[in-house]
Number of protein chains: 2
Amino acid sequence: MTPWLEPQQQRSWRALVDGAGRLVTHLDRHLRGAHGLSLAEYEVLVRLSELSDHQVHMSELAAGLSHSRARLSQTVDRLARAGLVTRLPCPQDRRGVHAALTPGGAAALRAAAADHVREVRRLVIDVLSDAELATVGTAMDKVRAAV
Amino acid sequence: MTPWLEPQQQRSWRALVDGAGRLVTHLDRHLRGAHGLSLAEYEVLVRLSELSDHQVHMSELAAGLSHSRARLSQTVDRLARAGLVTRLPCPQDRRGVHAALTPGGAAALRAAAADHVREVRRLVIDVLSDAELATVGTAMDKVRAAV
DNA sequence: CCCATGTAGTTGCACTGTCAACTATGTCGT
DNA sequence: ACGACATAGTTGACAGTGCAACTACATGGG
């Protein structure tokens with residue numbers, strides 16, 4: 001009774017939504033339980049750690065993570081309250097704010113990262129062949145571009 | 001500075017998380033805007049519509065959707081308030097409750113489904129080859145099993 | 001038969017996310 | 001130089017989710 005997809009397409013589609021959903025839920029719970037960080041907070045720390053000066057404009061950070069500015073603002077609030085990140089005014093643009101990783105934030109990330117990555121490997125990398133993983137990557141890039 | 005994955009793995013991994021996240025966010029907004037249904041509500045209606053008698057135990061429904069019972073209970077609350085679903089006591093087990101699709105719910109689903117499926121096609125099915133989609137499906141099934 | 005334990009479902013609370021409104025600042029056209 | 005409009009970021013109200021506690025019913029062992 002539902003106008004829908006062909007059975008094979010439907011199975012793949014549901015596997016994608018359900019699998020990705022469960023995966024993210026699991027990783028979030030794992031990080032919270034083991035390290036007191038939400039997945040969103042962890043991702044912010046990772047992005048900051050990848051930059052040479054460990055800081056960025058809030059907007060760039062939000063865009064890079066596909067989060068709304070409101071959401072990022074609140075995530076950074078929590079991280080700042082925990083002392084893992086600080087806000088710095090941007091000299092070139094007085095509207096702008098940089099989020100910067102603190103030493104404490106870098107330490108928290110180091111503590112969490114190995115454990116988190118182990119989980120990602122266990123649940124994704126290790127269960128897929130290289131070819132499968134690569135196909136998933138290019139496929140999801142196309143989807144991302146289409147959205 | 002982050003102990004992490006090989007670059008190629010990392011790209012695929014991020015494409016998966018980000019792509020799936022954006023996709024679901026988009027579909028949820030689309031459904032809300034066009035039909036006043038959240039994606040979670042829509043999925044409940046779809047599952048009910050697929051059953052011959054258009055009803056199930058709450059728990060089965062929750063399991064099928066990978067939602068907690070608490071979450072499903074509240075989603076069904078909203079659907080019931082909107083008249084799209086009703087709760088029926090289960091005769092065999094007096095603890096149990098069935099969620100049942102109402103005619104209004106079936107109508108709401110019919111109104112939303114074509115539009116929603118069109119969006120899924122546009123963003124996923126049409127941008128991927130059959131082989132890619134199939135690989136994504138089997139890959140995410142493996143991930144789902146691993147979680 | 002009864003008690004211990006398990007399961008179905010709901011509810012209250014805390015937390016996180018969305019949306020819209022708002023302040024402050026920057027930019028462009030005239 | 002000024003006003004209109006765009007952009008950066010934050011805030012407050014509200015919705016949805018997770019978790020833990022709770023009620024009600026079921027089931028299996030003594």
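In what follows, chains carry the letters A, B, and so on, assigned in the order in which the sequence lines appear, proteins first and then strands, with residues in each chain numbered from 1. From a predicted model like this one, the values you see are computed outputs, not experimental measurements.
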* Nearest-Å distance for atom pair NE2/C1', residues A:H98 and D:dT10 -> 17 Å

* Asked: Between atom CZ in B:R69 and atom P in D:dG18, what is the gap in whole Å?
  -> 13 Å

* Selected nucleotide, minimal atom distance to A:R87 side chain, candidates C:dA24, D:dG9, C:dG9 -> D:dG9

* Just how far, in rounded Å, is P of D:dC19 from CG of B:L72? -> 16 Å

* Asked: Hey, is CG on B:D130 packed in by over 12 heavy atoms from elsewhere, all under 6.0 Å?
  -> no

* Asked: Roughly how many Å is it from CG in B:L65 to C1' in D:dG16, rounded to a whole number?
  -> 15 Å

Tabulate atom names and distances for all N/O pairs under 3.5 angstrom spanning the protein and nucleotides 13-20 of chain C.
residue: C:dT16; atom: OP1; partner: A:R32; partner atom: NH1; Å: 3.4
residue: C:dG17; atom: OP1; partner: A:R71; partner atom: NE; Å: 3.4
residue: C:dG17; atom: OP1; partner: A:R71; partner atom: NH2; Å: 2.8
residue: C:dG17; atom: OP2; partner: A:R78; partner atom: NH2; Å: 3.0
residue: C:dC19; atom: OP2; partner: B:R29; partner atom: NH1; Å: 2.9

* Asked: Atom CZ of B:R81 to atom P of D:dA15: distance rounded to whole Å?
  -> 10 Å

* Proximity of B:H30 and B:H116 rings by center, below 6.0 Å -> no

* To do: Under the side-chain contact (heavy atoms from CB on, under 4.5 Å) rule, what do A:S73 and A:R87 come out as? Steps first, then yes or no, please.
  => CA-CA 10 Å; A:S73 193; A:R87 288 181 214 253; 4.1 Å; yes

* Asked: For the pair made of CG in B:D77 and C1' in D:dT17, what is the distance, rounded to whole Å?
  -> 14 Å

* Structure fact -> So salt bridge (charged side-chain N to carboxylate O under 4.0 Å, His left out) across residues 37-47 of chain B, not counting sequence neighbours, yields B:E41-B:R78

* Asked: B:D141 side chain to A:A15 main-chain N or O, any donor-acceptor pair under 3.5 Å?
  -> no

* Structure fact -> note: A:L31, atom CG; D:dG18, atom P; distance rounded to Å ~ 16 Å

* Looking only at side-chain atoms of A:D93, point me to the closest of D:dG9, C:dG26, D:dA26. => C:dG26

* Is there a donor N/O on one and an acceptor N/O on the other, under 3.5 Å, for the side chain of A:R94 and the base of C:dT25? -> no

* **Check: B:A111 main-chain N/O paired with B:H35 side-chain donor or acceptor under 3.5 Å** => yes

* Residues B:R69 and B:E60 bridged, charged N to O under 4.0 Å -> no

* To do: Mind calculating the distance between CG (B:L79) and P (C:dG9) to the nearest angstrom?
  => 16 Å

* Output the single nucleotide from D:dT10, D:dA6, C:dA8 whose closest atom is nearest the side chain of A:R95. => D:dA6

